Amino acid sequence: MKMVKYQGKGVYGAIAIGKALKWKREDVQVKREKIEDVAQELERLRNAINKAMEQLESIYEKALEEVGEANAQIFEIHRMMLEDDDYNDAIVEMIQGQNVNAEYAVAVTADNFAEMFSAIDDSYMQARAADVRDISNRLILCLKETGEKSLIADEKVIICADDLAPSETVTLEKDKVLAFVTAYGSSNSHTAILARNMNIPAIIGVGEEFLNAIEDGEVAIANGFTGEFILHPDEEILEEAKAKQRQEEEKKELLEKLKGKENVTLDGTKINIYANIGSVEDVGAVLVNDAGGIGLFRSEFLYLGREDYPSEEEQFKAYKRVLESMASKKVIIRTLDIGADKQADYFNLDKEENPALGLRAIRLCLTRPEMFKTQLRALYRASVYGKLGIMFPMITSTEELEQIFALCEEVKAELTADGLKYSDTIELGIMIETPAAAVISDQLAPMVDFFSVGTNDLTQYTLACDRQNPKVDPFCNIHHEAILRLIEMAAQNAHKNGAWIGICGELAADTRLTERFLRMGIDELSVSPSFVLKVRDVVRKLDLHNA
Ligand code: PEP
Ligand code: MG
């Protein structure tokens, strides 16, 4: 058979070679039927909701074990959606008002809600449309009294689907899945996030033609690095893919050997390699990959995907757990960086013309001091459990820092008055992610213990390229000399004033720049946990004396 190549987007880098299997979803087609006994139909609906709630509970437990709490939370959200009054009332009213069967009422309500979510100009809310369809399909299957779907295959396969709902992804029997490939989907969807966390090679957005072309059992290659899906590969391509697979395995094994080794160049220059995390669950990956500390804990993830602010106690527990797990290693927690692309309804943020230039991060915290102080209290209280650094995002002026420090002093005084302890060796630092901060880094450096360069935002603000807009990618040279000079300027000013400087944006893992960063005197690079050993490898091969 002729080899065919399809191009999608790789969301987890690894290569799978094996038989393709089309994902057959349970039939959720429903017919409109007239019912006589409304009370009985409502009783059926109630039973189905209970059953669906039980299923979601056990999926949540499974996800908790496999992908951690932060990722499992989506199923808690599904449970909340199933209990949502507006959703339930709409179904009940339809059954009562139109004497229709529950399946039909659920299907229509699902369409209405999904459309409503899709129409909202917010990618997080748009993604909820898929969730409402997912819970509604589950409810319909429960009404039809069909069992939970599970994959039946006696060997490992590449799952090919139009799209996979988060609940489907997590219920896949992991030991039978080589990879999954979907016709649709976005890289920010929960499904993509789950794939990354489950370490399953995955490709999304291949386009729907590929599904028609597949017969179950045909050999295919899913290349999660390039996003290529190849059906009926010829001998040569197959051998190439196998060789690449072996290479990746060997690379992994070689990197394993670097565990426990120092991050030191051939000429003896040392650098710290830390890891970035978004939740308490990520600490496992930090330890497994032998990072020297946590250079960026994006604390805003504690605030996302929920209905209300996390309490001081909840935050304290999260920070304490990370600090304790890292033992004596440094943990830098960044204060809330909400706004722009990271939104949560309960903040009630005004719609802004240019949210990336709007009331985000520290600006929001300084306009809501009580909210900010709750986080600071949690951080200061947790500080006695490890080696804490607190870092503030989106700084542009010394005045902002003065205001922040005044709030820190208030928090400390309040904690003392409450008889609560905090460490007096907390390091305070700022992110250098605006050109303004880099340019006045001589004034900012004497005020702080460290700088951490957020190259993601520093790039967007320096080159005037919205990081959310793929159309400006061609104009966004991430190695632009302007960015590198700003980093160098900040490094010199940090060192002149006894502060240290790290980089925690994506550029920190760009090994084409490792040498340049070392030459600038950067003290720390903070990267995704899975890049720690790769960067260590590059550092250990450099010789700065040999220009
Ligand atoms: C950055 O801007 O580089 C950064 C690390 O922060 P975030 O990506 O969370 O904005
Ligand atoms: Mg940033």
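The shown structure was predicted, so the numbers you read here are calculated from the model rather than taken from an experiment. As the structure lists them, so they are numbered: ligands from 1, and atoms in each ligand from 1.
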Within the stated cut-off of 2.8 Å, is an N/O/S atom of D337 closer than that to the Mg ion (ligand 2)?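 So D337 does not bind the Mg ion (ligand 2) by this criterion.
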Taking only heavy atoms of [X] into account, list the atoms of ligand 1 that are under 4.0 Å away from them.
X: D337; result: 10 (O)
X: L296; result: 5 (C)
X: G505; result: 3 (O), 5 (C)
X: G454; result: 1 (C), 2 (O), 3 (O)
X: C504; result: 5 (C)

Checking one value in my table: which N/O/S atom of E433 lies closest to the Mg ion (ligand 2)?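 Looking at E433, the N, O or S atom with the least distance to the Mg ion (ligand 2) is OE1.
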Need the atom name: nearest N/O/S atom of D457 to the Mg ion (ligand 2).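 Result for D457 and the Mg ion (ligand 2): OD2.
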Working note: K412 + Y422, criterion side-chain contact (heavy atoms from CB on, under 4.5 Å); need CA distance, chi angles, decisive distance, verdict. CA-CA 8 Å; K412 288 203 281 190; Y422 57 86; 3.3 Å; yes
Assess the residue pair Y346 and Y303 against the criterion (ring-ring contact (aromatic ring centres under 6.0 Å, His included)); give the C-alpha distance rounded to whole Å, side-chain angles, the decisive distance to 0.1 Å, and a yes or no. CA-CA 10 Å; Y346 60 88; Y303 292 69; 7.4 Å; no
Closer than 4.0 angstrom: is that true for some heavy atom of R467 and an atom of ligand 1?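 It does, in that a heavy atom of R467 comes within the 4.0 Å cut-off of ligand 1.
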Would you call K244 and E248 a salt bridge, using N to O less than 4.0 angstrom?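 The answer is yes: the pair qualifies as a salt bridge.
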Looking at [options], which hits salt bridge (charged side-chain N to carboxylate O under 4.0 Å, His left out) with [X]?
X: D337; options: R298, R360, R363; result: R360
X: R306; options: E300, E76, E314; result: E314
X: D290; options: R536, K261, K534, K257; result: R536

Indicate whether the side chain of Y319 and that of E324 have a donor and an acceptor atom separated by less than 3.5 Å.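 Per modelled atom types, Y319 and E324 side chains form no pair under 3.5 Å.
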Do Y60 and F75 have ring centroids that are under 6.0 Å from one another?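 Between F75 and Y60, the centre distance exceeds or equals 6.0 Å.
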With atom 6 (O) of ligand 1 as the reference point, say which of R334, R360, M431 has the nearest heavy atom.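 Heavy atom nearest to atom 6 (O) of ligand 1 belongs to R334.
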R298 N/O to ligand 1 N/O under 3.5 Å: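 In this structure, R298 places an N or O atom under 3.5 Å from an N or O of ligand 1.
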Does any N or O atom in D457 lie less than 3.5 angstrom from one in ligand 1, N or O only?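 Yes, D457 has an N/O under 3.5 Å of an N/O on ligand 1.
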